[in-house]
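FYI, side chains are in, hydrogens and waters are out, and symmetry mates aren't considered; it's all heavy atoms of this structure. This structure is a prediction, so every number in the text was calculated from the model and none was measured.
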2 protein chains.
Amino acid sequence: MTAVIPRKKKRDRILESSVPLFALRGYHGVSMRDIAAAIGLSPAALYYHFPDKEQLYIEVVAHAVRESAAMRKGIPNGLGSPWGRLEAFVAGYARLAATDRNFLRLLQWIFIDGDAERQQKLAEYVFRDLFLDVWGIVCELDSRLDPHMLVISIIGLVLFPCQTSSINRFMPGYRPQLENPEELARHVIDLLFGCLDAGKGATGSQNVAGKPLLNG
Amino acid sequence: MTAVIPRKKKRDRILESSVPLFALRGYHGVSMRDIAAAIGLSPAALYYHFPDKEQLYIEVVAHAVRESAAMRKGIPNGLGSPWGRLEAFVAGYARLAATDRNFLRLLQWIFIDGDAERQQKLAEYVFRDLFLDVWGIVCELDSRLDPHMLVISIIGLVLFPCQTSSINRFMPGYRPQLENPEELARHVIDLLFGCLDAGKGATGSQNVAGKPLLNG
DNA sequence: GTCTATATAAGGATAGAC
DNA sequence: GTCTATCCTTATATAGAC
């Protein structure tokens with residue numbers, strides 16, 4: 001053996017240290033110089049590992065997805081009733097969105113990407129798995145709501161508060177606890193299952209048979 | 001009178017033609033040369049009207065907000081029951097989000113802005129009014145859900161599908177009709193009021209007293 | 001594999017003529 | 001108010017030495 005075996009390929013280390021840069025400032029906001037400086041290389045060295053910035057960016061997103069895939073797989077997806085699975089999904093994804101800010105922000109950059117072709121390619125990487133996870137659950141819920149729209153609604157209910165959290169801070173009614181992923185998950189579950197019913201005179205705080213309630 | 005009175009100040013015309021540029025590509029993705037070319041000026045001329053690119057961008061967002069304010073004010077906000085007002089709000093905002101793509105995308109750019117100070121300033125311009133509109137309604141709903149979270153959920157239920165529409169196109173269950181603002185509004189209202197209840201054995205398709213149903 | 005040096009282009013901003 | 005011309009910086013990317 002010659003010296004220490006490199007823990008990771010340099011290529012992967014470049015991707016790793018690029019993730020937070022692109023997550024924060026997006027494709028146009030990060031230069032090859034920034035990336036090189038972050039890992040302590042000259043910009044020219046990057047071109048040994050990647051043909052151009054575009055390809056580097058795409059692989060950065062793919063890398064971030066693989067990294068978060070482990071956490072995603074920790075979210076139970078095949079057991080229990082559809083409602084239980086939905087509850088588990090919401091809780092798991094709320095935690096993921098709160099924990100892995102880079103993943104969350106990369107998603108935002110993909111949503112807003114002006115390059116339609118690149119956007120579609122990256123959406124296949126990232127968003128499709130997310131969508132299909134929820135799709136599988138929703139199809140068993142037998143709701144009268146359109147399943148496609150319901151999937152988007154559920155994902156949005158979890159992601160949107162996280163994506164706007166830096167702004168929500170300054171809006172009325174804000175409390176720091178609300179940024180807690182458990183708090184978010186409970187709210188989403190309450191909204192989806194309990195909705196705006198409880199607290200009204202007609203229905204009181206009764207729960208509908210067969211549906212879980214997290215709060216209380 | 002000397003010749004024709006200028007319909008609009010040149011300054012405003014610059015802002016107007018800049019809106020779609022920044023909406024599509026964001027702050028870093030648009031150059032002063034792009035803006036100058038779009039309106040048929042030399043880049044240098046822009047600096048007569050605006051001190052720098054940053055200030056121009058900020059005023060572009062402010063201008064877009066003023067433009068969409070007229071449409072926003074068309075959304076009824078002071079009459080009827082809270083439920084009816086919420087229904088009207090959702091319908092109005094779904095239409096606004098579907099109609100004014102520039103406004104929608106500028107909002108996205110603000111959400112993701114890496115410059116915290118600028119983000120906060122622009123959020124005050126744009127997001128605060130939106131938030132307060134819903135806040136006023138939600139506070140009267142007397143829901144057991146946290147009002148701050150509920151406001152964000154309602155806004156997200158309308159905006160998130162629009163912000164991801166270019167990606168949702170490729171997901172299962174997609175139908176072009178779903179992009180229709182009326183369809184979106186109905187879905188959101190159904191979800192908020194009817195939720196996942198209807199269609200289930202226990203509750204059947206009954207509606208809860210006092211709540212409007214748009215569909216059927 | 002990484003460097004220095006550099007080609008080439010694009011971008012923000014200013015000076016000064018008109 | 002707008003132009004031409006230009007400065008300076010930053011950016012992507014390549015060439016060739018080591």
task: Would you mind reading off the distance between B/Y47 atom OH and C/dA13 atom P, rounded to a whole angstrom?
output: 4 Å
field: Interatomic distance, B/Y48 OH vs C/dA13 C1' [rounded to whole Å]
entry: 18 Å
field: Interface with DNA chain C, restricted to residues 11-37 of chain A and to heavy atoms under 4.0 Å
entry: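 Residues of residues 11-37 of chain A under 4.0 Å from DNA chain C: none.
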query: Would one find more than 12 heavy atoms of other residues, nucleotides or ligands at under 6.0 Å from atom CD of B/Q177?
result: yes
message: So for atom CZ, which belongs to B/R11, do other residues, nucleotides or ligands contribute more than 12 heavy atoms lying within a distance under 6.0 Å?
response: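 Correct, the count exceeds 12.
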- prompt: Where do A/S165 and A/N168 land on the side chain to side chain donor-acceptor pair (under 3.5 Å) test, with the steps shown first?
  reply: CA-CA 5 Å; A/S165 66; A/N168 298 333; over 6 Å; no
task: Could you tell me from which nucleotide to which nucleotide of DNA chain D, 5' to 3', there is an atom under 4.0 Å from chain A heavy atoms?
output: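 Terminal contacting nucleotides, 5' to 3': D/dA11 to D/dA15.
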message: Could you measure the distance from the CG atom of B/L184 to the CG atom of A/D146? Nearest 0.5 Å is fine.
response: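 Reported value, rounded in 0.5 Å steps: 11.0 Å.
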query: Do you know the tightest heavy-atom contact between A/F103 and A/A64?
result: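 Looking at all heavy atoms of both residues, the shortest contact is CD1-O, 4.4 Å.
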Taking the six-membered ring for Trp and the single ring otherwise, decide whether the centroids of [X] and [Y] are under 6.0 Å apart.
X	Y	value
A/F127	B/F170	no
A/H148	A/F131	yes
A/F22	A/W109	no

